[in-house]
Each structure stands twice: as structure tokens, then as C-alpha cells.
Amino acid sequence: MKKAMRVLAPKSALPSKKNNPIFSPPPKPHQSYSKIIPQNPNQAETHFITLIHASKTILQLQQIHSQLILQAMSSNIVGLGDKWLGGMVHGGILKMGLEFDGFVRVSLVDMYAKMELLSLALQLFDESPERNKLDSVLLWNVVINGCCKSGILEKAVELFEAMPERNFGSWNSLINGLMRNGKVDKAVELFEGMVEKNVVSWTTMVHGLSLNGMHEKALEMFFNMIEEEGARANDLTLVSVLSACAKTGALEAGMKIHKYILSNKFRFNAAVGTALIDMYAKCGQIQSASQVFRDTKEKDVRTWSVMIWGWAIHGSVEQALQCFEKMKLTGIEPDEVAFLAVLTACSHAGLVDEGLKFFDSMKLDYSIEPTMKHCAVIVDLYGRAGQLDEALRFIQCMALTPDFVIWGALFSACRAHKNIEMAKYVSEKLLQLEPKHSGSYVFMSNIYAGVGIWEEVERVRTSMKDKGAAKDPGLSHVEVHGKLHSFVAGDQAHMHTKEIYSKLEEMTNRAREHGYIPETEWVLHNIEEEEKEDALGTHSEKLALAFGLIRTSPGVVLRIVKNLRICGDCHSLMKHVSKLSQREIVVRDIKRFHHFKDGICSCQDYW
DNA sequence: CTAGGGTTAG
């Protein structure tokens, strides 16, 4: 509710005594208002009504107060969906015959825009006599912002071009709107057209690029900002760029940013700390994550959650559970994400009973209703442990209607434990929910391939093609000397293709001599690429591994990031390679980390 | 008026 306090007392909006002689403020009016702002959102409605009634007298005296109320409402009531309340204030203002000066109009338009009542906002805007005057930037900005939030970009652009004058807010709002709607090129064009950029412009770009999956570009943007342009970042910029590092696994960039934070003496608040911890954890440096966690003094529930997640994805269940308990002891109540993290830790480690205990505690002790995500983890928990019947029973009994993810979790379990009967049943559910989803076909053909029923494999493949379902291509990257190199399955496009493939062959042969047996059941992991022959040999993670081995000196840890689960065959080969070449290999797949060392993986093959 | 941190399955 901090936000409410801030909007209730915008310094610039408070009237000066000079301009308003009748204004005899109670000592700091905004403070007494902020006390009325409820801590519990469920009570907000009642409190706001009280506030409005209490303000009636003030309304007659001071127009500016109606604006304060409107601002409070546009940020609070909106979240509660109380459209009528907003209308009531609007009506009240009209009834009292208050003048509709710029500020009140801006607040009203903003309020309606945020309530997704864009038509009302636009109407108020159109009726506004002052909109073509100078000083009307705020009014235009809130409308542009509203259009962006509703995805009506043409209108936003049109307004942007028509407005009499623009400020940073106008440019930044539109750039943000374009980014959030996937119009990256347009946003870049607009950004480059800015004569002067402020820190919000840069941050919006960094975050926007990352939002559209262009993490490397986001990093480039950030370093360009501080190195070339000499602009100073703030904590919001840092959080955005660190999140891009985490998503792409760019450890070196992340460490550079960490140094930048330390040498520029940025305040280590909860958000920056959390972003750093998350970055280290997702880049494979769980010890550094833990160190930063200790150094972060202001911890909130998110800080604890990323740490728990970190331990979970690195296979340190005990640490994860300890962390969870410690958080509770510190007096921080776990929220639904914290529970997701701790449940995930249990599922990765096969701790079925503990996981179920947490699941119950969530409802009983904290009255958090389990979401679909929690249920998916429970299905996964049973499924990985091979308790398929329990998993199915859980799905049938759960309060929510099982979605694609839930059935998908059970399907993976069927695959892992080779239960074809149940897999068939589940695949029907999957295809009902998403007829075009390639995953089901790939799953199914994998199951048949796993047990060697090749006619069925062929049938599924054909039906997949008929339905026009395409599989996401496997994509891996490896960091070599601070630069990321990407590979897709069957990649022939890389400039060192020849070298890579011969290294791959050499590795495979050596591993074979030491007992590596290619696991053909994984051959259809990527059904599309399989047609290019050698499917097993050319999964993207293997190419990345080979490239990393060629280009780095012995002793350097190899870090590979993959966009899907690592395939079982690649997993087995990596174990051999880690032993034969005495290399530590860290693979991050979509779910978790695999630390290969001396022929052993940290996941203990439980995945 | 404009920017930010953790979230399932594959």
C-alpha cells in the first residue's frame, strides 16, 4: 500500500497556499489520508467510500482534493474492479459543479483508462477544450498510455504524432507500449529517433528487448548505455538487465554488472539483491548466489523465493527446505510462489511425503488456495517417483479443471516410466486441449520409439504433419570467452561446422570405448531434425559441448544452456565426457541444472 | 504521465 501513500500525496499536485487562500490545511493532509488507506485490499472498498463521504465538505472547499481521491482510486480501486465507485466520484464532481480543470481531467481520464474503460477515457479526452493547448502533455500521455495498455497501438501512434508537445513520458510510454505488443522494430526506431534519452528510456528498452526474447540485445543496450553514452543506471535498470542475464545464462555479463553495482555504490535493496541472486543461481553459480543472499540485508518474500528456487534447481533439497524454514522463522510469510519453489525442490529430489505435507500446509496454515501450477508440481512429484496411479487420482480429485500442463506432467511421467496404456489415455486429453500442440505428438512418438513400436511412431509422425503441428527446435548456447554461441539441432551453419562435427565424433568414439551406449530411445526427441539423419548425434547441446571443448582450455568449466529438457542420451554422453576430458560441465536445461563432474551428474539421474 | 525482481509442463 506504499503506492497509495505516494499517489495520495504527489508533491507537485498539492496546492500552494498562495494560490488557494481558503486552503487551511490540516497539518499534512496527505498523512491523515494515507491512514485511511487500508492494508487489506478487501476492505478498500468500504474505506474509500468513507473517504469519499468524509471528503464531501472538502470537495466543496478544495477542488484539488477530488484529484487526490481520483489518483488514489485509479491505482487502488482499479485493482478491485470497482468501476461504479470511479463513476461515483466522477458523478460527484459533476454534481458539485466543480470546474473540470486540467488536473481533474487528467486523473479521470487516467482512471478510466486504467479501468479498461478506454472509450470513456477517450470521450473525456475528446471533449477536453484544453487538449490542444500547450501544457496538456499529461492529458495526452495518459490517453496514449491507456491506448498502449489496451493494445490499440495505431491510436496511440496517431495521438503521439498529433500532440502539440511531447516530453519524456510521451516517448517512453509509446516505446513501452510498442515493446509490450511485440513491435520491437518500431520501438527501436522511435528510441533511436529520440534526441535526448533519459534513464527510463534506456530501462524501457533493456526490459522491452528482454521481454521479446532478445536478451543479448538487451545486454548490448545496457552496456552501450553506461559505456558509450555515459548514462547512469538506477536500480530499475539493474534489475531489468540482471533479469536478462538470468534468462539467457550470461554469467560473465552478470558478474560485470555485479562489479558495476559494487564500484558505483548502488544501494543493495531487496529488488537488486533478488535480481543478483536469481542471476547467479540461473547462471549456475549457486555458491555466489548464496553469498549475495547473505549480503542482501533487506530480504522480502521474493528474495527468499529465488534462493529456494536456486537450491531446488541445483539439486540441493536440504538447503532449499532449510531456507524455507528459515524464512518462516524470520517472520516472512511464504506466498504461493515460495510454496511453488519448495514443492519443486521436493519433486526434483523425489521427496513425495514432504511435498504433500507442504501442499497441505499451504491451505491449512496460510489459507493459500493451490493454483494450477501447484497442482502441476504435485502431479510431477508423484509422476517422477513412479506413482502414476496416485498422480492420476490426484488429477481426478483436484478442485480445478486440469489443463494442458497438468496432463503434460502426467504424460512425461508415463514416458519416463514407460506406461503406454496411461500415456495413450493422457495423450487424448492433451490433443483435446490443444490439437495442434506438437509436444503431444513428439511425446507419443517418443513413447512408441522407447519401446520399439515403429509403425506407431510412423503413424503419429504422419498425423502430426497432417495437423500442421511443428516442434520447437532445440536450441543451445555455450559461453566462450564471455560471448554466447548458439546452436540448433543439426546445425550446419556455424563457421566451424567441420571442426565441431569431427570433435563430436571423436568424443562419441572415445566414450563408446568406455562403455557409453547411445540411447536410441531418445532419437525422436526432435522429430523434425531427425529427418536430417544422425538425429541423435546432432542435438544442439552436443554441438555446444563440442564447440566449447575446442575453443576453451582444459580446466575451464563449460556452461551450456538449453531451451528444452536435456535429452537422456546427451546426458549420458556428458557424464562420460566430464570424466574422460576431466572437465566440469554445467548444463542448464529448461527445468534445472546438471553439474557433470567425474562421470557423475548432480541430478543423480533423477529427472 | 513513462521503466523493474521470483512462477508449471515440454
Side-chain angles (χ1 to χ4, degrees), chain A residues 10 12 71 74 106-107 109-110 113-114 136-146 148 166-177 179-180 198-208 210-211 233-244 246 269-279 281-282 296 300-310 335-341 343-344 347 371-380 383 403-413 415 430 434 437-440 442-443 446 471-472 474 525-526 563-565 589-591:
Chain A
S12 57
Q71 289 201 352
S74 62
V106 167
S107 299
V109 171
D110 190 32
K114 285 185 175 151
S136 60
V137 197
L138 290 192
L139 184 60
W140 288 81
N141 284 357
V142 294
V143 191
I144 291 178
N145 219 11
C148 286
R166 306 182 187 101
N167 64 7
F168 280 123
S170 333
W171 291 84
N172 296 342
S173 295
L174 188 56
I175 292 175
N176 188 35
M179 280 297 195
R180 284 186 183 274
N198 70 0
V199 65
V200 180
S201 325
W202 288 102
T203 308
T204 308
M205 287 303 287
V206 171
H207 178 242
S210 182
L211 208 62
N234 63 17
D235 54 342
L236 282 80
T237 326
L238 296 170
V239 164
S240 300
V241 72
L242 284 169
S243 148
N269 61 23
V272 173
T274 305
L276 263 175
I277 296 162
D278 190 43
M279 182 278 290
K282 298 231 169 89
T296 306
D300 60 17
V301 66
R302 293 170 153 194
T303 319
W304 288 93
S305 296
V306 295
M307 197 63 242
I308 298 167
W309 264 109
D335 65 1
E336 52 171 73
V337 181
F339 270 108
L340 261 180
L343 288 174
T344 304
S347 114
T371 66
M372 205 67 93
K373 292 171 186 175
H374 296 98
C375 295
V377 180
I378 296 296
V379 174
D380 195 47
D403 69 351
F404 188 85
V405 175
I406 299 279
W407 291 114
L410 183 56
F411 202 98
S412 313
R415 173 174 182 252
L430 286 171
E434 247 177 85
H437 196 276
S438 59
S440 324
V442 177
F443 277 158
N446 274 332
K471 179 174 174 346
D472 284 349
H525 191 66
N526 185 331
N563 69 337
L564 308 169
R565 295 298 307 267
D589 73 10
I590 195 162
K591 283 280 303 179

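Order of the sequence lines fixes the chain letters, A, B, ..., with proteins taken first and strands second; residue numbering starts at 1 for each chain.
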Go through the steps for A:S305 and A:D335 under the test side-chain contact (heavy atoms from CB on, under 4.5 Å), then give the verdict. CA-CA 9 Å; A:S305 296; A:D335 65 1; 4.3 Å; yes
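No contact: A:T344 has no heavy atom under 4.0 Å from any strand. Backbone-only contact: A:V142 has heavy atoms under 4.0 Å from sugar-phosphate atoms and none from a base. Residue A:A270 is classed as a base contact, given a heavy-atom separation below 4.0 Å to a base. Using a 4.0 Å heavy-atom criterion, one finds that A:V306 contacts the sugar-phosphate atoms exclusively. As judged by a 4.0 angstrom heavy-atom cut-off over every strand, A:N198 is placed among residues making no nucleic acid contact. Residue A:A341 is classed as having no contact, given no heavy-atom separation below 4.0 Å to the nucleic acid.
Of the side-chain N and O atoms in A:N176, none sit less than 4.0 angstrom from OP1 or OP2 of B:dT2. OP1 or OP2 of B:dT2 has not a single side-chain nitrogen or oxygen of A:R180 nearer than 4.0 Å. Between A:S412 and B:dG10, a side-chain N or O to OP1/OP2 separation shorter than 4.0 Å is present. Under 4.0 angstrom from either OP1 or OP2 of B:dG6 there lies no side-chain N or O belonging to A:K373. Within the structure, every side-chain polar atom (N or O) of A:H207 is placed at least 4.0 Å from both OP1 and OP2 of B:dA3.
By the 4.5 Å heavy-atom criterion applied to side chains, A:L340 and A:H374 are counted as neighbours.
One atom, CG of A:N141, and another, C1' of B:dA3, lie 14 Å apart when rounded to the nearest Å. In this structure, CE of A:M279 is placed 13 Å from P of B:dG6, rounded to the nearest angstrom. Straight-line distance from the CG atom of A:L340 to the P atom of B:dG6: 14 Å, rounded to whole Å. Taking atom CG on A:N145 and atom P on B:dT2, their separation rounds to 5 Å, with Å as the unit. The CD1 atom of A:I590 sits 8 Å away from the P atom of B:dG10 (whole-angstrom rounding). A:L430 has its CG atom 14 Å from the C1' atom of B:dT8, to the nearest Å. Here B:dT7 presents its P atom at 18 Å from CG of A:D403, a figure rounded to the nearest Å. A straight line from CG of A:D235 to P of B:dA3 spans 14 Å, rounded to a whole angstrom.
Among the nucleotides B:dA3, B:dT2, B:dG6, the one closest to the side chain of A:T203 is B:dA3. Nearest to the side chain of A:L236, among B:dG10, B:dT8, B:dA3, sits B:dA3. Among B:dC1, B:dT2, B:dT7, the nucleotide with an atom closest to any side-chain atom of A:S173 is B:dT2. Looking at the side chain of A:V239, the nearest of the listed nucleotides B:dG10, B:dT7, B:dG4 is B:dG4. Taking every side-chain heavy atom of A:N167 into account, B:dC1 is the closest of B:dA3, B:dC1, B:dG6.
Taking 3.5 Å as the limit, the base of B:dG6 and the side chain of A:D335 contain a donor-acceptor pair of atoms between them. In terms of polar N and O atoms assigned as donor or acceptor, the side chain of A:S305 comes within less than 3.5 Å of the base of B:dG6 in a complementary pairing.
Between A:G169 and A:N141, the shortest heavy-atom contact is C-ND2, 3.8 Å.
A donor-acceptor pair under 3.5 Å is formed between the side chain of A:N167 and the backbone N or O of A:S170. The main-chain N or O of A:V239 is never found under 3.5 Å from a side-chain atom of A:S243 such that the two would form a donor-acceptor pair.
Donor-acceptor pairing under 3.5 Å is recorded for the side chains of A:N198 and A:N172.
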